[in-house]
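Bear in mind the structure is a predicted one, so any value in this text is a computation, not a measurement.
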Amino acid sequence: MKDFSHLLSEVNKRVTASAIRELLKIIGMPGMISFAGGLPTPEMFPAEEIGKIAKQVITSNPNKALQYGCTEGAASFKEELIKLLKKDENIDVSQDEMLVVSASQQGLDIVSKAFVDPGDAVIVAKPTYLGALQAFETYGADMIGVESDGCGIIAESLEEKLEDLKNAGRQCKFIYIVPDFQNPTGTTIPEERRVKILGLAKKYGTIILEDSPYRKVRFRGEHQKTFYALDKGEGNVITMFTFSKILAPGLRLGYIIGDKEIIRKFVILKQALDLCTSPACQAIAEEYLKRGNIEKHIAEMAKLYGKKRDVMITALRKYMPKGVSWTEPEGGLFLWVVMPENINSEKMFETAIKNNVAYVMGSAFYPDGSGKNTMRLNFSYSSFEEIDEGIKRLAKAITEYGK
């Protein structure tokens, strides 16, 4: 077979495979308990209702569901989303301030393509969502990491990085933040700190890219205002939402809200990507929203995830050796484990696999590859019994590796 690798673009030289996607090839082995994926539990998929809705929307209006749609997203679906934002978030947006996308990962790609040229500065938390790192890397971004603590990104560290860039004559293109139940740590930024961070974005003339896939999956505590709501329509924030974690990831549905001129640019870029997000999937989600079942569904899911989180934390307290700590999130799908400095989660992975348990090594979430003594654990997918047994196996792996 001929080798055409010399014909490939520079993008292919920059991009590496997703750590999680590669892990999924390994963890499908019999008997393996995996905390690696970010998968919602299938038992919460409203499969029967979605099936009935799909039949209804396709047979009653095939010209809408099965035909090409407009790139911006179906106006009727967007109207339901606008109502949802007003009701749940007290956010007012218009049709031209919203773009329907094929889930938030496409949103990350569109934003990156719109703002990033090779070498441009983008600020991210240390650690942060690895899918975002992969998207930014594709377009050659210079990813600058900002320190985090138990309340998310630290405002003082952010200001230091922004000032350094200013002094170097460089502009930060945007600050990427997952403010609620962050992937990977599960931490949430308090409103007081959000106000400081938003103020810094305004001061240094940059944008906050707010990624909000887990926000609604809160099982205790109080909601914090979104950055978008705090900005009060001034155009300093772009926010992405998705149905992947609150309905079903297979629908591949999400949406971006922001200044209408920015959204117009995003629409043009999306035209070249896929012409439009699936009209059939939009029609299904639209009807689901119209039936008013989304709140009850999310509440039931959050209740289950809260119980699973509690089981995992109980198991961590029971089995983990001394020197291991973890976050205790109030929502979302993940928690973060920090081990002693001598434990390298990359090198320990083989030991874990031998013990039939899998995780995502923490270094995958750092732009500089640090955080080698950390790992991300998912609690939404596994059963109660698997969570307890899996943590027991993981503790055994840590003990064996640390000897």
Test item: side-chain donor near acceptor, Ser76 and Glu286, under 3.5 Å
yes

Under 3.5 Å, is there a donor on one side chain and an acceptor on the other for Tyr288 and Asn293?
no

Identify the residue among Leu209, Leu162, Ile177 that makes a side chain to side chain contact (heavy atoms under 4.5 Å, CB included) with Ile123.
Leu162

Check this for me: Lys113, atom NZ, are more than 12 non-hydrogen atoms of other residues, nucleotides or ligands nearer than 6.0 Å?
yes

Shortest non-hydrogen contact between Cys172 and Leu165, atoms and distance
CB-CD1, 3.8 Å

Asp120-Gln171 side chain donor-acceptor pair, cut-off 3.5 Å:
no

Taking everything shown except Lys86 itself, do over 12 heavy atoms lie less than 6.0 Å from its NZ?
yes

If you count the non-hydrogen atoms of other residues, nucleotides and ligands that lie under 6.0 Å from NZ in Lys161, is the total more than 12?
no

Using 30° and 60° as the class limits, which term best fits the ring planes of Phe349 and Tyr359: parallel, tilted or perpendicular?
perpendicular

Is it the case that the side chains of Arg252 and Ser244 hold a donor-acceptor pair, with the cut-off being a distance below 3.5 Å and no angle test?
yes

For residues Leu198 and Val237, determine if any side-chain heavy atom of one lies less than 4.5 Å from a side-chain heavy atom of the other.
yes

Do Glu191 and Arg194 meet the salt-bridge criterion of a basic N to acidic O distance under 4.0 Å?
no

Within a strict 4.5 Å, meaning less than it, do heavy atoms of the Phe174 and Phe136 side chains meet?
yes

Can you tell me if Glu147 and Ser157 form a side-chain donor-acceptor pair at under 3.5 Å?
no

Report, as yes or no, whether the 6.0 Å neighbourhood of atom CD on Glu234 holds more than 12 heavy atoms from other residues, nucleotides or ligands.
yes

Ion pair Lys232/Asp92, N-O distance below 4.0 Å:
no

Under a 3.5 Å cutoff, is there a donor and acceptor pairing between the side chains of Tyr139 and Asp109?
yes

Looking at side-chain heavy atoms only, is the closest gap between Leu335 and Leu316 below 4.5 Å?
yes

Using a strict cut-off of less than 4.0 Å between a Lys/Arg side-chain nitrogen and an Asp/Glu carboxylate oxygen, indicate whether Glu287 and Lys290 qualify as a salt bridge.
no

Take atom NZ of Lys372 as the centre, draw a 6.0 Å sphere, and report whether it contains more than 12 heavy atoms from other residues, nucleotides or ligands.
yes

Residues, nucleotides or ligands: over 12 heavy atoms within 6.0 Å of Glu43 CD:
yes

Between Ile257 and Ile263, what is the shortest heavy-atom contact and its length?
C-CD1, 4.1 Å

Salt-bridge present (Glu389, Arg393; N to O < 4.0 Å):
yes

Give the C-alpha distance, both sets of side-chain angles, the deciding distance and a yes or no for side-chain contact (heavy atoms from CB on, under 4.5 Å) between Glu79 and Gln95.
CA-CA 7 Å; Glu79 193 58 41; Gln95 290 267 349; 3.4 Å; yes

Looking at every heavy atom in both Tyr214 and Leu333, which two are closest together, and how far apart are they?
CD2-CD1, 3.7 Å

Tell me, with the steps shown, if Lys83 and Asp88 meet salt bridge (Lys or Arg N to Asp or Glu O under 4.0 Å).
CA-CA 9 Å; Lys83 292 176 185 176; Asp88 290 354; over 6 Å; no

Under 3.5 Å, is there a donor on one side chain and an acceptor on the other for Ser94 and Glu97?
yes

Nearest heavy-atom pair of Gly73 and Lys78: which atoms, and what distance?
O-CD, 3.6 Å

What is the ring orientation for Phe77 with Phe243, classed by angle as parallel under 30°, tilted 30 to 60°, or perpendicular over 60°?
tilted

The test is salt bridge (Lys or Arg N to Asp or Glu O under 4.0 Å); show your working for Glu163 and Lys203 and say whether it passes.
CA-CA 10 Å; Glu163 187 67 21; Lys203 177 181 176 180; 5.3 Å; no

Indicate the atoms forming the closest heavy-atom contact of Lys245 with Gly38, along with that distance.
CE-O, 3.4 Å

Trp336 side chain reached by Val338 side chain, heavy atoms, under 4.5 Å:
yes

Can Asp211 and Tyr176 be counted as having a side-chain donor-acceptor contact under 3.5 angstrom?
yes

Evaluation steps, side-chain contact (heavy atoms from CB on, under 4.5 Å), between Met32 and Ile353:
CA-CA 8 Å; Met32 181 68 64; Ile353 293 298; 3.8 Å; yes

Decide if atom NZ of Lys265 counts as having more than 12 heavy atoms of other residues, nucleotides or ligands within a radius under 6.0 Å.
no

Closest contact, heavy atoms only, Gly362 versus Ser345:
N-OG, 3.6 Å

Please walk me through it: do Lys52 and Glu49 pass salt bridge (Lys or Arg N to Asp or Glu O under 4.0 Å)?
CA-CA 5 Å; Lys52 291 177 180 178; Glu49 184 173 10; over 6 Å; no

Going through the distances and angles, do Ser382 and Lys308 end up as a side-chain contact (heavy atoms from CB on, under 4.5 Å)?
CA-CA 8 Å; Ser382 301; Lys308 290 190 174 189; 5.9 Å; no

Would you call Arg220 and Glu328 a salt bridge, using N to O less than 4.0 angstrom?
no

With no hydrogens and no angle check, just 3.5 Å: does a side-chain donor-acceptor pair link Glu210 and Ser212?
no

Are the side chains of Phe227 and Ile197 in contact, using a 4.5 Å heavy-atom criterion?
yes

Quick one: CG on Leu158 to CD on Glu160, what's the gap to the nearest 0.5 Å?
10.0 Å

I'd like to know whether Ile208 forms a side-chain contact (heavy atoms from CB on, under 4.5 Å) with Asn236, so could you lay out the CA-CA distance, the side-chain angles of the two residues, the decisive distance to 0.1 Å, and finally the verdict.
CA-CA 6 Å; Ile208 290 177; Asn236 300 290; over 6 Å; no

Quick one: which of Val122, Thr138, Leu108, Val124 gives a side chain to side chain contact (heavy atoms under 4.5 Å, CB included) with Leu133?
Val124

Under a 4.5 Å cut-off applied to non-hydrogen side-chain atoms, are Met339 and Ile398 in contact?
yes

Flag the pair Leu247 / Phe45 as yes when at least one side-chain heavy-atom distance between them is below 4.5 Å, and no otherwise.
no

Hey, does Lys354 have a side-chain heavy atom less than 4.5 Å from the side chain of Glu400?
no

Between Lys392 and Asp388, does at least one N-O distance fall below 4.0 Å, as a salt bridge requires?
no

Got a salt bridge between Lys216 and Asp180, using NZ or NE/NH1/NH2 to carboxylate O under 4.0 Å?
no

Does the ring centre of Phe334 sit less than 6.0 Å away from the ring centre of Tyr305?
no

To the nearest 0.5 Å, how far apart are CD1 in Ile391 and CZ in Arg317?
12.5 Å

Phe219 atom CZ, over 12 foreign heavy atoms within 6.0 Å
yes

Salt-bridge contact Arg215-Glu89 (side-chain N to carboxylate O under 4.0 Å)
yes

